[in-house]
Number of protein chains: 2
Amino acid sequence: MLNEREQSILRLVVDDYIRSAEPVGSRTVSKRSTMQVSPATIRNVMSDLEEMGYLEQPHTSAGRIPSEKGYRFYVDHLMMPVGITRSDVATVREIFLQIMDQMEQVVQQTAQIVSSLTNYTSIVLGSLTETAKLAHVDVIPLSETSGVALIVTDSGHVENRVISIPPEISPAEVQKFARILSDKLKGTDMHRLKSELFQEVQRELTRYMDEFSGAMQLLNQIVKTDGEERVYLGGTTKILNQPEFQTVEKLRPVLDLLENHDTLFHLLSPPDKPGVRVQIGHENELVEVRDCSLITATYAIDGRKTWTIGVLGPTRMEYARVIGILNYLNEGFSAAVSRVVK
Amino acid sequence: MLNEREQSILRLVVDDYIRSAEPVGSRTVSKRSTMQVSPATIRNVMSDLEEMGYLEQPHTSAGRIPSEKGYRFYVDHLMMPVGITRSDVATVREIFLQIMDQMEQVVQQTAQIVSSLTNYTSIVLGSLTETAKLAHVDVIPLSETSGVALIVTDSGHVENRVISIPPEISPAEVQKFARILSDKLKGTDMHRLKSELFQEVQRELTRYMDEFSGAMQLLNQIVKTDGEERVYLGGTTKILNQPEFQTVEKLRPVLDLLENHDTLFHLLSPPDKPGVRVQIGHENELVEVRDCSLITATYAIDGRKTWTIGVLGPTRMEYARVIGILNYLNEGFSAAVSRVVK
DNA sequence: GTTAGCACTCTTATGCAACGAGTGCTAATT
DNA sequence: AATTAGCACTCGTTGCATAAGAGTGCTAAC
């Protein structure tokens with residue numbers, strides 16, 4: 001374990017490097033430190049810290065930079081989540097106070113807010129139908145052979161898709177079918193719906209309308225509406241501000257990743273328990289983000305839905321500040337979401 | 001006007017520069033040309049072309065590169081839209097042949113296809129409700145004070161939003177109200193709906209249910225669902241492959257632009273008449289894309305909806321190839337869309 | 001245990017020369 | 001009159017050596 005002075009110096013190095021993105025030398029630390037110690041002493045300590053793996057040297061005569069282990073120690077023991085500033089509060093208030101009358105808008109807006117507060121790229125993932133219940137099923141006929149199938153959940157989420165109607169079924173019958181389905185299934189958990197729907201509904205189906213051979217196919221189409229989870233991005237180009245991403249080779253993997261929503265989804269999804277999680281460099285399995293750190297906060301709202309907000313930046317990231325913001329945001333976010341949901 | 005040889009040489013320069021991204025020298029042109037002329041002759045002609053503004057010199061002793069005027073002449077007179085290859089056709093077929101059962105998927109997929117065929121960033125804009133007609137209005141109650149308002153157009157597009165229901169109105173009454181609205185307004189043009197709805201519906205409203213003071217407010221909320229136009233992107237990171245965008249300063253304006261969907265929408269929207277339009281460098285008013293060219297193709301489908309596909313690349317763009325692809329795509333795209341709509 | 005001093009290392013910046021690609025001009029050729 | 005060969009000239013690029021600067025590691029002194 002690190003002693004007092006070692007911790008203090010490690011903290012100074014990490015802070016300074018986060019600010020400047022330049023290797024930190026012993027003289028700088030000596031000047032910044034409140035303890036009155038000479039650069040030479042600092043050098044000895046820094047040498048120890050390097051030996052223990054908390055610091056690294058880009059080359060023999062440069063200053064030190066934090067290793068991933070160093071960042072990890074900093075995040076776990078040294079930093080204090082920074083409270084957000086008065087103006088940050090104002091920004092959040094302002095945006096959340098607008099009536100956001102649609103779930104999607106809340107999520108999208110949140111991505112923007114987080115990105116503009118942190119100056120990093122943000123990724124917001126809403127598990128839209130995780131534990132939502134079915135509220136309504138309907139089919140709106142458009143022509144003799146097509147219609148729009150609608151599934152509304154009790155959280156206000158709507159899924160729709162154009163379906164083709166088998167020629168042996170009339171649009172009116174389809175609507176009747178939808179109505180029965182709606183009454184029967186109202187209140188069912190969405191994920192239960194997906195898993196158990198087939199046996200159950202098939203039985204009902206044959207009871208009410210055994211003449212519809214093509215109906216199962218239709219039903220199948222409706223349920224394929226699988227409450228896809230969506231990923232929202234904010235501030236994609238913030239990464240361009242970071243000195244470590246000034247070359248295209250560094251940039252490409254990150255930008256490619258941001259374009260691939262499936263991978264992003266996978267990246268953000270795991271955490272079961274709510275709270276803030278910090279992944280530094282290689283702690284994340286994705287090679288694309290080996291030079292990045294990812295801070296994710298997962299919020300449970302109403303104890304039912306979970307939301308995950310991710311902030312992606314260089315390993316040299318303002319951990320304290322970002323975590324402070326994510327902590328604060330929890331409140332405003334929950335309020336906005338439950339206002340919409342309720 | 002340029003004579004035969006000048007045109008031929010201009011074409012060679014543009015072709016070669018598009019391929020190599022390097023200034024083209026007289027010797028190169030001489031070798032590539034079918035005419036048997038010496039580099040010196042070529043130099044004279046290139047010098048003339050430069051004087052006329054079709055070519056430029058980055059510095060005194062480099063080869064020539066096309067000016068925007070040069071690209072313009074090339075696009076207007078010299079190039080032949082390149083037919084797409086057998087494998088391109090296969091790609092398009094394969095993707096369009098999958099059942100794309102939702103409008104949005106068609107558009108999104110198209111963006112991907114265009115980008116992967118052209119190797120440039122693509123922007124697809126669907127004027128979703130341009131001339132669509134209202135097919136159905138509904139309100140699904142979620143609780144005593146909230147519900148989901150749905151508007152379905154005859155093209156199968158669905159708009160939804162969570163609305164709050166005034167306390168003096170019961171959910172059942174809201175549904176009744178929605179049903180009346182739906183019957184009354186079915187078949188109305190969406191844009192007419194927006195502009196004329198208020199006078200007309202207000203009259204109906206008071207006739208059927210003058211007790212609802214808060215109903216207008218509700219209606220207002222529903223109609224605010226304004227069939228927003230969406231922009232879809234494909235291959236955002238393709239721009240990273242271009243040698244002229246290897247520095248962050250060059251990259252930033254373009255990536256920023258791609259993130260700003262409103263501006264993108266504005267960028268693509270103008271053309272009234274269908275067909276392919278080429279904007280080279282400063283021909284576009286947006287400073288962000290002063291180093292880019294934009295090729296847009298606008299398709300009218302069923303004579304009702306219009307779609308715009310844009311391809312964004314460096315001014316040194318494979319105009320002939322991209323235009324060829326966009327021409328071909330028109331067919332597959334129209335077919336896929338009308339299959340969904342019908 | 002701490003500090004001062006100094007040699008050493010490594011990176012970055014700078015200047016300079018050599019090189020090469022390509023032009024422009026002139027004179028010769030067709 | 002148009003074309004071409006030849007040649008001097010320009011300008012950017014590359015390679016290399018040198019200088020400067022930042023920072024370390026080590027030793028000896030405090």
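Note on naming: letters A, B, ... go to the chains in the order of the sequence lines (proteins, then strands), and numbering restarts at 1 for each one. Atom set for the values below is all heavy atoms of this structure, side chains included, hydrogens, waters and symmetry mates excluded. Everything numeric here is computed off the predicted structure, so don't read it as measured data.
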Report task. Measure from the side chain of A:Thr41, starting at C-beta and using heavy atoms only, and say which of D:dT4, C:dT3, C:dG24 lies closest. Result -> C:dT3

Query raised in the report: For B:Thr118 and B:Arg321, what are the C-alpha separation, side-chain angles and deciding distance, and is it a side chain to side chain contact (heavy atoms under 4.5 Å, CB included)?
Result: CA-CA 8 Å; B:Thr118 61; B:Arg321 181 168 148 76; 6.0 Å; no

Query raised in the report: Could you walk me through whether B:Leu294 and B:Asn284 pass the side chain to side chain contact (heavy atoms under 4.5 Å, CB included) check?
Result: CA-CA 8 Å; B:Leu294 177 68; B:Asn284 196 302; 4.0 Å; yes

What integer distance in Å separates [X]:[atom1] from [N]:[atom2]?
X	N	atom1	atom2	result
A:Asp48	D:dG25	CG	P	10 Å
B:Asn44	C:dT26	CG	P	12 Å
A:Met35	C:dT3	CE	C1'	15 Å
B:Met46	C:dG22	CE	P	9 Å
A:Glu22	C:dT12	CD	P	10 Å
A:Glu56	D:dT24	CD	C1'	17 Å
B:Ile42	D:dT3	CD1	P	10 Å
A:Ile65	C:dT11	CD1	P	14 Å

Report summary line: Result for ring-ring contact (aromatic ring centres under 6.0 Å, His included) between B:Tyr54 and one of B:Tyr71, B:Phe73, B:Tyr74 points to B:Phe73

Requested in this report: Would you name the heavy atoms of B:Arg316 and B:Tyr17 that are closest together and state the gap between them?
Outcome: CD-O, 2.8 Å

Query raised in the report: Of all of residues 4-12 of chain B, which get a heavy atom below 4.0 angstrom from DNA chain D, listed by number?
Result: B:Arg5

Report summary line: Which of B:Val124, B:Leu312, B:Ile123 passes side-chain contact (heavy atoms from CB on, under 4.5 Å) with B:Leu233? Answer is B:Ile123

Query raised in the report: Do A:Thr298 and A:Arg277 come close enough that some side-chain heavy atom pair is under 4.5 Å?
Result: no

Query - Carboxylate-amine/guanidinium contact A:Arg72 A:Asp76, below 4.0 Å - result: yes

**Report entry** Residue closer to the 5' end of DNA chain D, B:His59 versus B:Val37 (nearest nucleotide)
**Finding:** B:Val37

Query raised in the report: A:Gln36 near the nucleic acid: base, sugar-phosphate alone, or nothing, with a heavy-atom cut-off under 4.0 Å?
Result: sugar-phosphate

Under-3.5 Å N/O pairs linking protein and nucleotides 16-23 of chain D:
unit_1	atom_1	unit_2	atom_2	d
D:dG23	O3'	A:Ala62	O	3.4

Report task. Could you check A:Thr41 against A:Ser38 for side chain to side chain donor-acceptor pair (under 3.5 Å), going step by step and ending with a plain yes or no? Result -> CA-CA 5 Å; A:Thr41 311; A:Ser38 78; 3.3 Å; yes

Report task. Assess whether side chain to side chain contact (heavy atoms under 4.5 Å, CB included) is satisfied between B:Met46 and B:Glu50, documenting all intermediate values. Result -> CA-CA 6 Å; B:Met46 282 166 90; B:Glu50 181 174 359; over 6 Å; no

